[in-house]
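Model, not experiment: these values are computed from the prediction. We name chains A, B, ... by the order of the sequence lines, and we start the count at 1 in each one.
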Amino acid sequence: MSTETAVKAAASAEPKEPLFSKKNRKLITDPFNDNNPITVQVLGVCSALAVTTQMKPAFVMTLSVIFVISFSNLIISLIRNTIPSRIRMIVQITVIALLVTMVDQVLKAFVYDVSRELSVYIGLIITNCIVMGRLEAFAMGNKPMPSLLDGIGNGIGYGAILLVVAFFRELFGAGTLFGVQIIPQFMYDLGYENNGIMLTSAAAMFIIGVLIWVQRSFNEKLVDVS
Amino acid sequence: MHSNRYTFIYAVVFTTILAVVLAVTATSLAPRQAANEARAKKQAILGSVMEVNNETLETDYEKYIQELVIKNDGNEVAEAAAFDIDITKESKKAEDERLLPIYVFENGGEKKYIVPMQGSGLWGPISAYLAIEDDLNTISGVVFDHVSETPGLGAEITTDVFQGQYAGKKLFDGTGGFTSIKVLKGTGNDVTGKPHEVDGLAGATITANGVTDMFSDELRYYTAFFKKLAS
């Protein structure tokens with residue numbers, strides 16, 4: 001719950017430059033809460049299960065998805081009027097695949113350890129339905145700037161959930177956060193044990209389920225959705 | 001609606017542009033990636049015999065490690081460079097043509113032999129660097145690596161707990177026959193006093209069997225060399 005308010009606070013602290021009109025700001029803030037890709041649209045759950053056993057991969061995944069989703073939104077939006085409608089999905093997937101491959105290559109060159117852990121999942125961004133969903137639903141029909149903002153917003157909205165889930169899974173599954181021991185040794189001496197189920201994918205489902213519940217009990221707008 | 005002609009030309013031009021962008025990225029990053037891979041390999045080789053200090057990795061490697069290439073008859077191949085050999089490629093060659101790299105660690109009076117191995121786990125390749133003591137029988141340490149084993153299950157082969165079990169295990173039985181080391185099924189097996197067995201990983205039987213097979217398949221090629229050295 002505290003994380004939820006933190007997310008809201010972060011959202012309202014967005015810079016209020018003229019460029020960010022009320023409508024544009026909404027593009028960024030909406031995916032945090034009212035239209036969160038995971039907890040409201042229930043997209044991208046597969047990758048949310050896969051990379052959330054630890055904070056570090058979840059964090060890198062978040063950054064990679066933000067990058068891929070915002071730039072694919074931008075690119076598709078820039079060329080949206082030239083794309084032949086019959087092959088538009090193929091064009092979208094090619095752009096996504098291009099960006100994902102570039103992310104993979106850059107990770108391999110600059111953070112090799114992380115790339116070894118994540119290379120399988122990075123490839124999965126191509127099939128992350130959030131990315132393609134935003135291209136179809138937004139970038140194909142909107143100007144580049146709003147599309148970029150929409151991409152950033154959705155990427156952060158996705159990443160926020162990923163990090164919350166990873167927080168609980170790493171803390172209770174391994175007693176660490178970002179690989180640093182958090183639960184002190186004396187707790188183990190007193191008979192505390194790491195919860196093995198937190199390391200399995202099922203635990204991520206439970207946590208996402210609880211998050212959806214918590215979010216809906218606070219946000220009345222969502223109650224009648226779905 | 002765009003014409004067929006437009007669609008076709010669009011597809012060709014678009015793909016070409018993306019291909020060029022990708023090619024430029026990949027080529028410009030390739031040297032950095034290769035350096036990272038070489039570094040990771042040195043880390044694994046040294047890691048099988050000593051605590052690796054990332055700061056002094058390059059100099060430590062130069063100082064302690066000598067590279068050798070042999071064939072399965074135990075003879076040395078002088079002209080080959082061990083570090084550049086791709087053992088996955090070698091494994092597809094005929095047995096007596098395979099180039100077998102081996103790394104010799106020397107520090108003071110201490111001498112250890114490090115053998116690279118590759119095999120397959122559940123989802124993808126697994127590999128290991130196995131350090132063997134000067135008696136060419138007792139295992140001193142091992143470092144495992146994998147590409148895509150399940151985190152928390154098969155990926156546990158890279159943990160210190162699992163790797164640590166190998167120290168002190170024996171490759172050959174009392175009469176000099178090659179026995180290798182078996183990973184048992186499940187967790188909690190009693191392996192004290194059993195020099196050819198280590199405790200397994202619950203829920204990761206296929207990865208564990210992959211490790212067992214990797215040991216018996218790969219080390220077989222080195223036995224002639226070991227016997228030759230020992231005599």
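Distance alone, capped at 3.5 Å, places no donor-acceptor pair between the A:Asp150 side chain and the A:Ala139 backbone.
In this structure, A:Glu136 pairs ionically with A:Arg88, as a charged nitrogen and a carboxylate oxygen lie closer than 4.0 Å.
Scanning residues 57-82 of chain A against chain B with a 4.5 Å non-hydrogen threshold yields A:Ile79, A:Asn81, A:Thr82, sorted by number.
Proximity to chain A is absent for every atom of B:Thr15, based on heavy atoms less than 4.5 angstrom apart. Within the 4.5 angstrom heavy-atom criterion, only side-chain atoms of B:Thr25, from C-beta onward, approach chain A.
Ring pair A:Tyr192/A:Tyr188 is perpendicular by interplanar angle, where above 60° counts as perpendicular and below 30° as parallel.
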TODO: Output, in order, the C-alpha distance, side-chain angles, deciding distance and verdict of side chain to side chain donor-acceptor pair (under 3.5 Å) for A:Glu170 and A:Thr176.
DONE: CA-CA 6 Å; A:Glu170 188 174 355; A:Thr176 58; 2.8 Å; yes
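Most heavy-atom pairs under 4.5 Å with chain B, from the set A:Ile87, A:Thr101, A:Ile90, A:Val95: that is A:Ile87.
For the pair B:Arg98 and B:Tyr221, the cation-pi criterion (under 6.0 Å, within 45° of the ring axis) is fulfilled.
Going from atom NZ of B:Lys42 over to atom CG of B:Asn54 covers 13.0 Å, rounded to the nearest 0.5 Å.
Side-chain contact between B:Lys41 and B:Tyr129 is present, with heavy atoms from C-beta onward closer than 4.5 Å.
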